[in-house]
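For reference, the structure is listed below as structure tokens.
Quantities reported herein were computed from a predicted structural model and do not represent experimental measurements.
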Amino acid sequence: MVWTTPKTWSSEPLTSLDLNTHVRDNQNHLKDRLDASASRIIRGARAIATTSTAFVDVDSLNLALTLTTHGGDVLLGFTGSIKNKVNNGTTSLNVAVDGVDYIADEGIVSYQSAGSNGGLRNTPASFVMLIAGLSAGSHTFKLRWKTSHNNTSNIDIVRLHPQFWAKEI
């Protein structure tokens, strides 16, 4: 359903076609925008891991979302847990929108293990971000990550099930 610029009413007769076009259809358009969302919760038999020091997809199948928008803003979110294998190791998270990293440098957020045994714990990880001004149409969002040199980053999907979501607002 598309938005129709509402009619400026004058003294002409009110018709069902006018009401349907300028009231019903526009209300349906606004509701469709509220209903547009996508989300994934991932489960598996073992953790997902990376040693890449450049951004790569976390899981291009299970942590990729496709959302058809009406044009405007999209709210994205992730929640899960990160484990770095080495002390003081860093994991950075990012999002690709239609194949392009949204934040080009170090990503949206980074998690660093601290001190001795810091790399042995799952650290809660989450973000919410606004992607402003997307054109109307189908868009693909992929969760991406990278790690510091000589580190292995993990996301637990066995006991803790990460969620990645997108919502047009």
Side-chain angles (χ1 to χ4, degrees), residues 1-45 47-48 50 52 54-82 91-111 122-146 153 155-169:
M1 189 76 32
V2 297
W3 178 261
T4 301
T5 302
K7 182 177 183 173
T8 300
W9 301 95
S10 59
S11 60
E12 73 268 15
L14 182 61
T15 67
S16 61
L17 180 61
D18 286 335
L19 284 172
N20 290 340
T21 300
H22 299 284
V23 179
R24 181 204 59 201
D25 292 352
N26 281 349
Q27 286 181 339
N28 285 340
H29 170 79
L30 294 172
K31 178 149 183 352
D32 288 348
R33 287 183 68 130
L34 292 175
D35 291 343
S37 66
S39 88
R40 295 279 181 124
I41 296 175
I42 186 171
R43 295 170 174 86
I48 301 171
T50 191
S52 177
F55 280 112
V56 294
D57 295 346
V58 175
D59 182 325
S60 60
L61 178 64
N62 295 308
L63 291 175
L65 306 171
T66 301
L67 182 64
T68 301
T69 67
H70 293 86
D73 299 343
V74 172
L75 201 58
L76 289 174
F78 169 78
T79 186
S81 66
I82 301 285
T91 302
S92 298
L93 297 176
N94 204 353
V95 171
V97 180
D98 299 327
V100 178
D101 285 333
Y102 191 69
I103 307 290
D105 52 13
E106 292 303 308
I108 300 161
V109 65
S110 290
Y111 298 91
N122 283 316
T123 302
S126 66
F127 66 81
V128 174
M129 66 181 292
L130 181 69
I131 307 289
L134 279 178
S135 61
S138 179
H139 298 282
T140 301
F141 306 94
K142 291 185 177 181
L143 184 65
R144 295 173 52 83
W145 63 347
K146 70 178 183 177
S153 296
I155 293 179
D156 184 358
I157 64 172
V158 179
R159 296 166 295 159
L160 306 170
H161 308 294
Q163 182 180 25
F164 182 47
W165 55 268
K167 174 85 174 142
E168 183 174 18
I169 54 172

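- Looking only at side-chain heavy atoms (C-beta outward), Leu67 and Thr69 come within less than 4.5 Å of each other.
- For the pair Leu63 and Asp57, the minimum side-chain heavy-atom distance is 4.5 Å or more.
- Looking only at side-chain heavy atoms (C-beta outward), Thr50 and Thr91 stay at 4.5 Å or farther from each other.
- Closest of all the heavy-atom pairs between Ala47 and Val158 is N-CG2, 4.2 Å.
- Interatomic distance, CZ of Phe141 versus CH2 of Trp165, reported as 11.5 Å (0.5 Å rounding).
- Proximity of a side-chain donor or acceptor of Arg144 to a complementary backbone N or O of Phe55 within less than 3.5 Å is detected.
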_Let's go through Leu143 and Arg40 carefully: what are the C-alpha distance in whole Å and the side-chain angles of both, what is the deciding distance for side chain to side chain contact (heavy atoms under 4.5 Å, CB included) to 0.1 Å, and is it a yes or a no?_
CA-CA 11 Å; Leu143 184 65; Arg40 295 279 181 124; over 6 Å; no
*asked:* Apply side chain to side chain contact (heavy atoms under 4.5 Å, CB included) to residues Trp145 and Ile48 and explain how you reach the verdict.
replied: CA-CA 11 Å; Trp145 63 347; Ile48 301 171; 3.8 Å; yes
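- One finds the CG atom of Asp18 at 4.0 Å from the CH2 atom of Trp9 (value rounded to the nearest 0.5 Å).
- When every heavy atom of Ser52 is checked against every heavy atom of Ala54, the shortest pair comes out as OG-O, 2.6 Å.
- Closest heavy-atom contact between Ala96 and Gly99: CB-C, 4.3 Å.
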*Take Ile41 and Gln163 through the test side chain to side chain contact (heavy atoms under 4.5 Å, CB included) and record every step on the way to the result.*
CA-CA 4 Å; Ile41 296 175; Gln163 182 180 25; 3.8 Å; yes
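- The main-chain N or O of Lys146 is never found under 3.5 Å from a side-chain atom of Ser153 such that the two would form a donor-acceptor pair.
- Atom OG1 of Thr4 is separated from atom NE2 of His22 by 6.5 Å, given to the nearest 0.5 angstrom.
- For the residue pair Ser138 and Asp98, the shortest heavy atom distance occurs at O-OD1, 4.2 Å.
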*Dump the intermediate steps for side chain to side chain contact (heavy atoms under 4.5 Å, CB included) on Leu76 and Phe78, then the final yes or no.*
CA-CA 7 Å; Leu76 289 174; Phe78 169 78; over 6 Å; no
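- Note: Leu75 CG to Glu168 CD = 11.5 Å, rounded to the nearest 0.5 Å.
- Separating the CG atom in Asp59 from the NZ atom in Lys142 is a distance of 10.0 Å, to the nearest 0.5 Å.
- Put simply, the side chain of Leu134 reaches to within 4.5 Å of the side chain of Val97, judged on heavy atoms.
- Panel note: side chain Asn94, backbone Ile103; a donor-acceptor pair is recorded below 3.5 Å.
- Between atom CG of residue Leu160 and atom CD1 of residue Ile82 there is a gap of 11.0 Å, rounded to the nearest 0.5 Å.
- Across all their heavy atoms, Val74 and Ala166 have their closest contact at CG1-CB, 4.1 Å.
- Nearest approach of Asp73 to Gly133, heavy atoms of both residues: OD1-N, 2.9 Å.
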